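Just so you know, these numbers come straight off a predicted model, no measurement behind them. Convention: sequence-line order gives letters A, B, ...; per-chain numbering from 1.
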Number of protein chains: 2
Amino acid sequence: MVVDQLTEAELDRLFQALADATRRDIVRRVTVGEYSVSGLAALYAMSFAAVQKHVAVLERVSLVAKEKRGREQIVRGNHEGLQKARRLLDEYEAIWRQRAERIADILAEG
Amino acid sequence: MVVDQLTEAELDRLFQALADATRRDIVRRVTVGEYSVSGLAALYAMSFAAVQKHVAVLERVSLVAKEKRGREQIVRGNHEGLQKARRLLDEYEAIWRQRAERIADILAEG
DNA sequence: CTGATCTACAACCATTTGGTTGTACGATAC
DNA sequence: GTATCGTACAACCAAATGGTTGTAGATCAG
């Protein structure tokens, strides 16, 4: 059963989302605590709109989720995106291990 | 002892490097086998110069290393960059686990 | 109802990115 | 020695990115 099929384009967006220090900081913070979008915006030396865009980028790749509460939008960490990213790096790591085994085999033969 | 201090700018470049399907494909291939730059270029529907730039991006963040052999440059996988990326995601994962524990504690109290 | 707050989004701008072609140069083959 | 191959790099271009300001719709406070 294919649980979730990650397209290359989705992976592009996922790693792109992680490739910004402000966005990585947002991910950390909203995993630990709860912040509204404007609560987050207050933390950074940029406009509200800029932060709002960063949140939208993170939301699109499921690194973050928003939940409406009154007139605020509460931003929380979403494990899904992180798991997807880890899955790719784990796969690369597995390729490395296979390579190491292969080399060990060759040495054992010789 | 600080083994390696990763600046935010370095992390930006590292994840940026991973945010391109062609570059991810190059990383996989050169981890398994050996390719010259032009050997890689033959695999993709783009110019030699484009592929060469991709390799340069990967080399800059230590996802790949080049070694001169005659007139060719052999491109190989470099574990270093991958480890750095994994380290960040591992850290995020740790934050998630702490969060889970904290929630469990609160439930235990109540 | 009115005013303030929180969010969303459009329009705009500068810089970066991912591609191109063209040029140059060292290493190899003949 | 000369032609070819593999690489590097500059210059250029279109599109995407990360920021801005401004406008507008909901929701809450008084």
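Contacts of B/Ala49 with the nucleic acid, taken as non-hydrogen atoms under 4.0 Å apart, include base atoms.
Comparing A/Lys66 and A/Lys53 by the nucleotide of DNA chain C whose heavy atom lies nearest to each, the residue mapping closer to the 5' end is A/Lys66. Comparing A/Val51 and A/Arg71 by the nucleotide of DNA chain D whose heavy atom lies nearest to each, the residue mapping closer to the 5' end is A/Val51. Between B/Thr22 and A/Ile74, the residue anchored nearer the 5' end of DNA chain C, judged by the nucleotide with its closest heavy atom, is A/Ile74.
As rounded to whole Å, 15 Å separates atom C1' of D/dT17 from atom CG of B/Asp20. Note: CZ (A/Phe15) to C1' (C/dG18) measures 19 Å, nearest angstrom. Going from atom CE of A/Met46 over to atom P of D/dT17 covers 16 Å, rounded to whole Å. For the pair B/Tyr35 OH and D/dG6 P, the computed distance is 16 Å after rounding to whole Å. The CZ-P distance, from A/Arg13 to D/dA16, rounds to 12 Å in whole Å. C/dA4 atom P lies 19 Å from atom CD of A/Glu72, rounded to whole Å. The distance from atom CG of B/Leu40 to atom P of D/dT7 is 9 Å, rounded to the nearest whole Å. Distance CG (B/Leu18) to P (C/dT17): 14 Å, rounded to an integer number of Å.
Taking only side-chain atoms of A/Gln16, from C-beta outward, the nucleotide of C/dT20, C/dA4, D/dT17 with the closest atom is D/dT17. Among D/dT20, D/dT7, C/dT20, the nucleotide with an atom closest to any side-chain atom of B/Val37 is D/dT7. Comparing C/dT21, D/dA8, D/dT21 by their nearest atom to the side chain of A/Ser47 picks out D/dT21. Set against D/dG18, C/dA4, D/dT7, the side chain of B/Phe48 has D/dT7 as its closest nucleotide. The listed nucleotides are D/dT20, C/dT20, C/dT7; the one nearest the side chain of A/Ala50 is D/dT20.
Phosphate proximity of D/dC5 to B/Ser38: absent, as no side-chain N or O sits under 4.0 Å from OP1 or OP2. Between B/Gln52 and D/dA8 there is a side-chain N or O to OP1 or OP2 distance below 4.0 Å. The shortest distance between the side-chain N/O atoms of B/Arg23 and the OP1/OP2 oxygens of C/dG18 is below 4.0 Å. Put simply, B/Gln73 has no side-chain N or O that comes within less than 4.0 Å of OP1 or OP2 on D/dG6. When the side-chain nitrogen and oxygen atoms of B/Ser36 are compared with OP1 and OP2 of D/dG6, none of them lie within a distance under 4.0 Å. OP1 or OP2 of D/dT7 has not a single side-chain nitrogen or oxygen of B/Lys68 nearer than 4.0 Å. Residue A/His54 has no polar side-chain atom (N or O) positioned under 4.0 Å from OP1 or OP2 of D/dT17.
Under the 4.5 Å side-chain contact rule for hydrophobic residues, A/Ile26 and A/Ile74 do not share a cluster.
Listed for the B/Arg29 side chain is no donor-acceptor partner under 3.5 Å among the backbone atoms of B/Leu43. A distance-only check finds a donor-acceptor pair linking the side chain of B/Glu10 to the backbone of B/Thr7 [under 3.5 Å].
Here A/Asn78 contributes atom CG and A/Thr31 contributes atom OG1; the two are 9.0 Å apart, rounded to the nearest 0.5 Å.
Ion pairing between a basic and an acidic side chain is recognised when a charged N comes within 4.0 Å of a carboxylate O; A/Glu91 and A/Arg87 show no such pairing.
For the pair B/Arg102 and A/Val32, the tightest heavy-atom approach, listed with the atom from each and the gap, is NH2-O, 3.1 Å.
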